[in-house]
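Order of the sequence lines fixes the chain letters, A, B, ..., with proteins taken first and strands second; residue numbering starts at 1 for each chain. Since the model is a prediction, treat every value here as computed from it, not as a measurement.
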Amino acid sequence: MAERVFAGKLERAGFTDVWVGGHRPFGIDQAALYPLFTPEVIQVMRRTIPADHQGHVATGVIVKARKPR
Amino acid sequence: MGRDLMFQQEIKDTVQQAYAAITSGGGETVARQLYSEQELAEVPPGAVEWALGVGNPVRYAQLQPGQTVLDVGSGGGIDTILAARRVGPEGHAIGLDALEEMCERGRAHAAQAGVEGWTEFLRGEMEDIPLPGGSVDVAISNGVLNLSARKSRALAEIYRVLGPGGRICMADLTVEGELPPEVANDQSAWAG
């Protein structure tokens with residue numbers, strides 16, 4: 001899910017004051033630390049994602065929003 | 001059942017089976033990337049071992065003593081326990097997880113942390129939260145919304161359980177552009 005899609009879903013749910021920050025790159029080496037990513041999918045990622053993108057496949061973000069009073 | 005509903009069910013089953021099958025979380029290596037030494041000292045080793053998040057929502061959530069906080073997709077309970085410490089015994093921390101075994105881990109870790117008196121773990125799904133409307137001050141989650149095949153429904157449920165002026169603070173992964181189809185279509189990538 002793209003960041004703008006995430007923010008849009010929050011707004012459509014009724015939330016206001018949507019804030020996105022705390023951006024952190026998330027790469028294949030980091031994904032490999034999680035048992036939910038099987039060795040097979042990690043291998044597929046290493047094979048199919050260009051080498052210069054493997055350190056930043058996704059972005060960790062913090063998203064905050066408020067329900068109106 | 002329509003094709004979309006079948007696909008949603010397939011994603012849900014795949015995610016739940018993947019989480020039920022694992023025997024540990026990301027462990028200390030993952031936890032040290034997300035939490036400070038001080039934060040890690042506030043939770044028992046088992047909760048650190050079961051860390052599966054992608055950020056540190058409690059650090060951003062500005063929790064206050066006395067608040068009711070809901071941790072959506074609480075897993076082993078690391079964020080629930082940190083949140084319980086922030087809201088204190090006059091508050092209430094609720095962990096919600098679709099898997100009973102995760103709820104049991106969360107309860108055990110909360111007891112080890114000494115916060116069980118104001119912390120509970122409920123089995124339930126983020127798309128159908130078993131709490132009354134307006135009963136929560138702050139909702140947090142950590143790497144969980146992306147697991148839902150019905151993200152808008154999950155957000156609507158979180159909106160429902162929050163009271164007026166309630167806040168949501170979520171850590172998650174975003175992806176700009178397209179992943180290679182071999183990755184995007186791999187079932188284990190849905191759970192990761």
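The parts of L162(B) that come within reach of chain A are both its backbone and its side chain, each placing non-hydrogen atoms under 4.5 angstrom from that chain. Residue contact with chain A, scored on non-hydrogen atoms closer than 4.5 Å, involves the backbone of N56(B) exclusively. Heavy-atom distances place no part of Q17(B) under 4.5 Å from chain A, backbone and side chain included. With a 4.5 angstrom heavy-atom cutoff, R59(B) does not touch chain A via any of its atoms. With a threshold of 4.5 angstrom between heavy atoms, I140(B) does not approach chain A through any atom at all. Heavy atoms closer than 4.5 Å to chain B are found in both the backbone and the side chain of V57(A). With a 4.5 Å cut-off on non-hydrogen atoms, P180(B) touches chain A through its side chain but not through its backbone.
Your options are G165(B), P164(B), P57(B), and the one with the most heavy-atom pairs under 4.5 Å with chain A is G165(B). Ranked by heavy-atom pairs under 4.5 Å with chain A, the first of A139(B), G166(B), G55(B), A156(B) is G166(B). Ranked by heavy-atom pairs under 4.5 Å with chain B, the list G21(A), G22(A), P68(A) is led by P68(A). Between chain B and the options R47(A), R12(A), R24(A), heavy-atom pairs under 4.5 Å are most frequent for R24(A). Chain B forms more heavy-atom pairs under 4.5 Å with one residue of G60(A), P35(A), A31(A), A58(A) than with any other, namely P35(A). Contact count against chain A (heavy-atom pairs under 4.5 Å) is highest for G163(B) among A21(B), S141(B), G163(B), A61(B). For chain A, the option among T29(B), L179(B), L52(B) with the highest count of heavy-atom pairs below 4.5 Å is L52(B).
In this pair, W19(A) and Y60(B) present their aromatic rings tilted. The plane angle is within the 30 to 60° band.
Cluster annotation: F26(A) and M45(A) are assigned to the same hydrophobic cluster (Ile/Leu/Val/Met/Phe/Trp/Tyr, side-chain heavy-atom contacts under 4.5 Å, transitive). Cluster annotation: L63(B) is connected to W118(B) through the hydrophobic network of ILVMFWY side chains, with a link wherever side-chain heavy atoms come within less than 4.5 Å. Cluster membership check: I129(B) does not share its hydrophobic cluster with F121(B), using side-chain heavy-atom separations under 4.5 Å among Ile, Leu, Val, Met, Phe, Trp and Tyr. Under a hydrophobic clustering in which Ile, Leu, Val, Met, Phe, Trp and Tyr are joined whenever their side-chain heavy atoms come within less than 4.5 Å, directly or via other members, M126(B) and I62(A) fall into different clusters.
Judged by distance alone, the side chain of R66(A) and the main-chain N or O of R167(B) form no donor-acceptor pair under 3.5 Å. A donor-acceptor contact shorter than 3.5 Å links the side chain of K67(A) to the backbone of Y159(B). In this structure, the side chain of E176(B) engages the main chain of E3(A) through a donor-acceptor pair within 3.5 Å. Looking only at distances, a side-chain donor or acceptor of Y34(A) sits under 3.5 Å from a matching main-chain atom of G53(B).
In this structure, Q43(A) places its CD atom where only 12 or fewer heavy-atom neighbours from other residues, nucleotides or ligands lie under 6.0 Å away. Counting heavy atoms of neighbouring residues, nucleotides and ligands inside a 6.0 Å radius, atom CD of E28(B) does not exceed 12 of them. The number of heavy-atom neighbours closer than 6.0 Å to CD of E90(B), taken from other residues, nucleotides and ligands shown, is above 12. More than 12 heavy atoms of other residues, nucleotides or ligands shown are found within 6.0 angstrom of CZ on R46(A).
Here CZ of F6(A) is found 5.0 Å from CG of D172(B). Values are rounded to the nearest 0.5 Å. The structure places CE of M1(A) at 8.5 Å from OG1 of T174(B), a figure rounded to the nearest 0.5 Å. Summarising the geometry, atom CG belonging to L145(B) is positioned 8.0 Å from atom CG belonging to L10(A); distances are rounded to the nearest 0.5 Å.
Across all their heavy atoms, L155(B) and F15(A) have their closest contact at O-CE1, 3.8 Å.
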Which is it for M170(B) and V61(A) under the side chain to side chain contact (heavy atoms under 4.5 Å, CB included) test, yes or no, and what are the steps along the way?
CA-CA 8 Å; M170(B) 316 175 83; V61(A) 295; over 6 Å; no

One pair to check against side chain to side chain contact (heavy atoms under 4.5 Å, CB included): V63(A) and C169(B). What are the steps and the verdict?
CA-CA 6 Å; V63(A) 181; C169(B) 183; over 6 Å; no

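Using a 4.5 Å cut-off on side-chain heavy atoms (C-beta onward), Q62(B) and K64(A) make contact.
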